[in-house]
Amino acid sequence: MWSPGRHGLRTRLSSLNVDPARWSLRAGSDPIIKQRAIAGPVPWVIAIMTALTVIAAAGGLALGSIAAAAGQELAGGVTVQIAGPPEAEAARQAQAVVNALSGSDGVETLRRLPPGERAALIEPWLGELGLDENGADGGADDSLLVLPELIEVQLSGPADPAALEGLRARIAGTAPDALVNADTGWLAPVGQAIEAMQWLALALVGLLALATLAAVLLASRSALAANRDIIELMHLLGAADRQVAQLFQRAAMVGAGIGGAAGFVVAVVVIAGLGGRFTALGPGAAGEAAGGLHPLHWLLLALIPAMATALAAVTARLTVLATLRRMV
């Protein structure tokens, strides 16, 4: 015969209001099933997955801000490059380009880069070029190395294909060796890399959902099996399946909430540490965008642990209800 004293449930059962029509627990009573017994490894799994997901999502959002800021800085920027002809001919064509575009409609500013700046641009790859103070070549052989002429042009509008074709038409007659390129052209590979990072962040969110489902499912089934006698007694005292499921739902929600909050705090610390590294990208809008996330970004990141908590609660409830139906 079953005995509450023999099963160690006398204290917990004394907190029940035994009424088949309305079964409930008195406020402040000792829990029938301990929180740790129901939650299991859910808090640890949620904490780890939340931290990884928030860090990856923050990286994708920060890179997106960098690309957007860089695009704004380079919008309307065009570079005219003259490479191939001898140095004197390249200089003549460069001056012809300056004369043709100065004061033209749609051109705000233009500047021909001096030899010193052009040498500095290729120095990381070719080393010192031995230019003297006047920009003349002091040691390099002109027949082997001629610095290309570079002209920076800032348009009043976007540097779209139509604008580029208009510039090429203006200088085609006087500078046949000139190449006209938009400054935003180099952002295309960067945009593809950022898009890949954003897909990775989305995949991690999906992985977090799957890990949450698996952890809550296993923990709920294990807790049901370990507390089967208690659950049967609760049914005898008038408890409905939904009331039993509510105990597991609350335990899973609390465990997932604690784990999600802990993981989010860890992720925030990591993001704050990486923020200074991104700021070192340099001054300007891109560096400022990399140094921190916008408030909307933080709101999106905060939704990750909230979604994990809600998913854990719903999964625990549905799992317990489905299992209890099979137990009847």
Side-chain angles (χ1 to χ4, degrees), residues 1-51 53 205-265 302-328:
M1 180 178 294
W2 179 85
S3 172
R6 181 162 59 88
H7 286 268
L9 301 178
R10 187 187 302 276
T11 302
R12 285 177 284 178
L13 293 176
S14 63
S15 64
L16 296 176
N17 290 328
V18 182
D19 184 357
R22 186 176 181 180
W23 186 93
S24 63
L25 285 173
R26 289 200 295 265
S29 61
D30 189 37
I32 296 178
I33 305 177
K34 297 296 184 180
Q35 163 75 26
R36 184 178 301 176
I38 300 178
V42 170
W44 292 101
V45 174
I46 298 298
I48 296 172
M49 295 303 300
T50 299
T53 305
V205 173
L207 184 61
L208 170 64
L210 292 177
T212 302
L213 287 172
V216 174
L217 183 66
L218 294 176
S220 299
R221 289 183 174 179
S222 176
L224 280 171
N227 297 275
R228 185 184 183 94
D229 293 340
I230 300 177
I231 295 173
E232 290 179 351
L233 178 61
M234 292 167 62
H235 281 150
L236 291 176
L237 295 174
D241 287 350
R242 60 180 181 82
Q243 293 170 317
V244 177
Q246 186 176 3
L247 295 176
F248 286 81
Q249 176 182 346
R250 184 184 301 112
M253 183 172 61
V254 172
I258 295 174
F264 187 75
V265 170
L303 289 177
I304 294 177
M307 290 169 53
T309 301
L311 182 61
V314 173
T315 303
R317 183 178 183 86
L318 296 179
T319 301
V320 172
L321 288 176
T323 305
L324 289 177
R325 292 191 188 99
R326 292 195 297 268
M327 290 173 59
V328 176

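Values in this document were obtained by computation on a predicted structure and should not be read as measured data. Values below: every heavy atom of this structure, side chains too, minus hydrogens, waters and symmetry copies.
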Legend entry - Validation row: Leu213, Leu217 side chains within 4.5 angstrom (heavy atoms): no
Legend entry - Closest contact, heavy atoms only, Ala252 versus Ala316: CB-CB, 3.5 Å
Inset, instruction - To the nearest 0.5 angstrom, please state how far the OG1 atom of Thr53 sits from the CD1 atom of Ile304. - result: 6.0 Å
Legend entry - Gap between atom CE of Met253 and atom OG1 of Thr315 - 0.5 Å precision: 13.0 Å
Legend entry - Atom pair CZ (Arg242) and CD (Gln249), whose distance is rounded to the nearest 0.5 Å: 12.0 Å
Legend entry - Heavy-atom closest contact (Ala312 atom, Ala256 atom, distance): CB-CB, 3.5 Å
Inset, instruction - Supply the atom-to-atom distance Thr319 OG1 to Arg221 CZ, rounded to the nearest 0.5 angstrom. - result: 6.5 Å
Inset, instruction - Could you grab the distance from atom OG1 of Thr323 to atom CG of Leu318, nearest 0.5 Å is fine? - result: 10.5 Å
Inset, instruction - Mark yes or no for whether Ser222, through its side chain, and Leu218, through its backbone, hold a donor-acceptor pair below 3.5 Å. - result: no
Inset, instruction - Hey, could you give me the CD1/CD1 distance between Ile46 and Ile258, rounded to the nearest 0.5 Å? - result: 12.0 Å
Inset, instruction - Could you check if a side-chain atom of Gln243 sits within less than 4.5 angstrom of a side-chain atom of Leu247, using non-hydrogen atoms only? - result: no
